[in-house]
*Asks:* 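Okay, here's the structure, questions in a sec.
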Amino acid sequence: AQQGRVREKVYGKQKIYFADQEQLPAASDAELRGLDGEIAARSSQLQALQQSCRQMEAELKDLNSSMPTPEIAREIEALRKDCASYTEKLERIKSATNHVTPEEKEKVCREQQLYRREWRRRKRMATELLDAILEGYPKSKKQFFEEVGIETDEDHGVVLPATT
């Protein structure tokens, strides 16, 4: 500081030393513009590198969250076994000789329609009969059903099958 190479500033009990910038040569406007251009180029290069780094970190995160190779190999082997068993089952079904013929299927469908119609008819008759009895009955419908011991389809969660 006494030789003039560095400068000294005193702030209370503290002293700060820094380079004397007056001894440095002054930069020309062309040099300053060149340095500004270099700063801009380096800044854009930094942004490109940071973006690339973010992409690589995202890819790394995806790779770390995916299954490791040995686990994938085990999964593929299990899927192949499942596929083989399903293929075998399909072949057994295709080669089975006890297929239902279209005539048998039609017969079963007609019988189902007949039984469904009969179920509806009988349910309607029972409902009409019970409604006629309940007109002169002093208690509620629920109490009457409990006294007589009537169980309805709804009590057991039974639903009439839809027509096909």
Side-chain angles (χ1 to χ4, degrees), residues 1-117 119-120 123-124 127 140-142 145 151-164:
Q2 291 175 354
Q3 294 174 358
R5 290 190 214 156
V6 291
R7 297 199 56 177
E8 172 186 30
K9 280 200 173 188
V10 178
Y11 293 103
K13 295 181 181 179
Q14 296 178 349
K15 292 182 180 181
I16 297 177
Y17 296 92
F18 55 93
D20 186 10
Q21 294 184 2
E22 291 177 8
Q23 294 178 0
L24 297 175
S28 68
D29 286 340
E31 285 179 310
L32 290 176
R33 280 192 294 275
L35 290 175
D36 286 342
E38 188 177 334
I39 288 172
R42 299 276 173 131
S43 294
S44 65
Q45 185 181 12
L46 174 66
Q47 287 177 349
L49 288 173
Q50 286 175 336
Q51 178 66 25
S52 174
C53 184
R54 280 192 294 271
Q55 288 174 347
M56 288 181 182
E57 285 175 346
E59 186 178 341
L60 178 64
K61 184 179 177 185
D62 288 344
L63 291 173
N64 284 338
S65 66
S66 65
M67 279 197 260
T69 305
E71 201 172 309
I72 290 175
R74 284 193 299 274
E75 183 74 19
I76 289 173
E77 189 60 34
L79 290 173
R80 283 189 178 140
K81 287 179 183 176
D82 287 348
C83 185
S85 69
Y86 289 138
T87 304
E88 181 182 318
K89 186 176 179 181
L90 178 63
E91 290 302 320
R92 279 197 319 262
I93 291 171
K94 283 182 178 179
S95 66
T97 57
N98 59 352
H99 290 292
V100 177
T101 63
E103 295 83 23
E104 290 173 332
K105 182 179 176 185
E106 184 62 34
K107 180 184 173 195
V108 169
C109 287
R110 280 194 310 269
E111 286 178 0
Q112 184 194 23
Q113 285 178 341
L114 174 73
Y115 295 141
R116 191 175 43 243
R117 248 183 278 132
W119 183 357
R120 279 198 181 110
K123 185 173 181 174
R124 190 176 342 104
T127 304
S140 71
K141 182 177 182 178
K142 186 176 181 180
F145 281 11
E151 295 177 349
T152 63
D153 292 341
E154 291 77 19
D155 290 342
H156 293 282
V158 178
V159 179
L160 191 66
T163 57
T164 53

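On a predicted model such as this, the values are computed, not experimentally measured, just so you know.
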*Asks:* Do the side chains of Leu90 and Lys94 get nearer than 4.5 Å, heavy atoms only?
*Replies:*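 Sidechains of Leu90 and Lys94: in contact.
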
*Asks:* When rounded to the nearest 0.5 angstrom, what distance separates NZ in Lys105 from CD in Glu103?
*Replies:*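 Nearest 0.5 Å value for the NZ-CD distance: 12.0 Å.
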
*Asks:* Show me the side-chain donor-acceptor pairs of residues 31-46 shorter than 3.5 Å, one per line, residues at least two apart or across chains.
*Replies:*
unit_1: Glu31; atom_1: OE1; unit_2: Ser28; atom_2: N; d: 3.0
unit_1: Ser43; atom_1: OG; unit_2: Ile39; atom_2: O; d: 2.9
unit_1: Ser44; atom_1: OG; unit_2: Ala40; atom_2: O; d: 3.4
unit_1: Ser44; atom_1: OG; unit_2: Ala41; atom_2: O; d: 2.8

*Asks:* For Gln50, does the CD atom have more than 12 heavy-atom neighbours from other residues, nucleotides or ligands under 6.0 Å away?
*Replies:* yes

*Asks:* Output side-chain donor-acceptor pairs under 3.5 Å for residues 5-19, partner residues at least two apart or in another chain, one line each.
*Replies:*
unit_1: Arg5; atom_1: NE; unit_2: Gln3; atom_2: OE1; d: 3.4
unit_1: Arg5; atom_1: NH2; unit_2: Gln3; atom_2: OE1; d: 2.9
unit_1: Glu8; atom_1: OE2; unit_2: Tyr17; atom_2: OH; d: 3.1

*Asks:* So do the side chains of Lys107 and Glu111 get within less than 4.5 Å of each other, counting heavy atoms only?
*Replies:*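 In short, these two side chains touch, coming nearer than 4.5 Å.
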
*Asks:* With the threshold set at 4.0 Å, does a side-chain nitrogen-carboxylate oxygen contact exist between Lys123 and Glu154?
*Replies:*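 Judged by the 4.0 Å cut-off on N to carboxylate O distance, Lys123 and Glu154 do form a salt bridge.
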
*Asks:* Let me check something: any side-chain donor-acceptor pairs from residues 61-83 under 3.5 Å, sequence neighbours excluded? List them with distances.
*Replies:*
unit_1: Asn64; atom_1: ND2; unit_2: Leu60; atom_2: O; d: 3.4
unit_1: Ser65; atom_1: OG; unit_2: Lys61; atom_2: O; d: 3.3
unit_1: Ser65; atom_1: OG; unit_2: Asp62; atom_2: O; d: 2.9
unit_1: Ser66; atom_1: OG; unit_2: Leu63; atom_2: O; d: 2.8

*Asks:* Looking only at heavy atoms, what is the nearest atom pair of Val159 and Trp119, with distance?
*Replies:* O-CH2, 4.1 Å

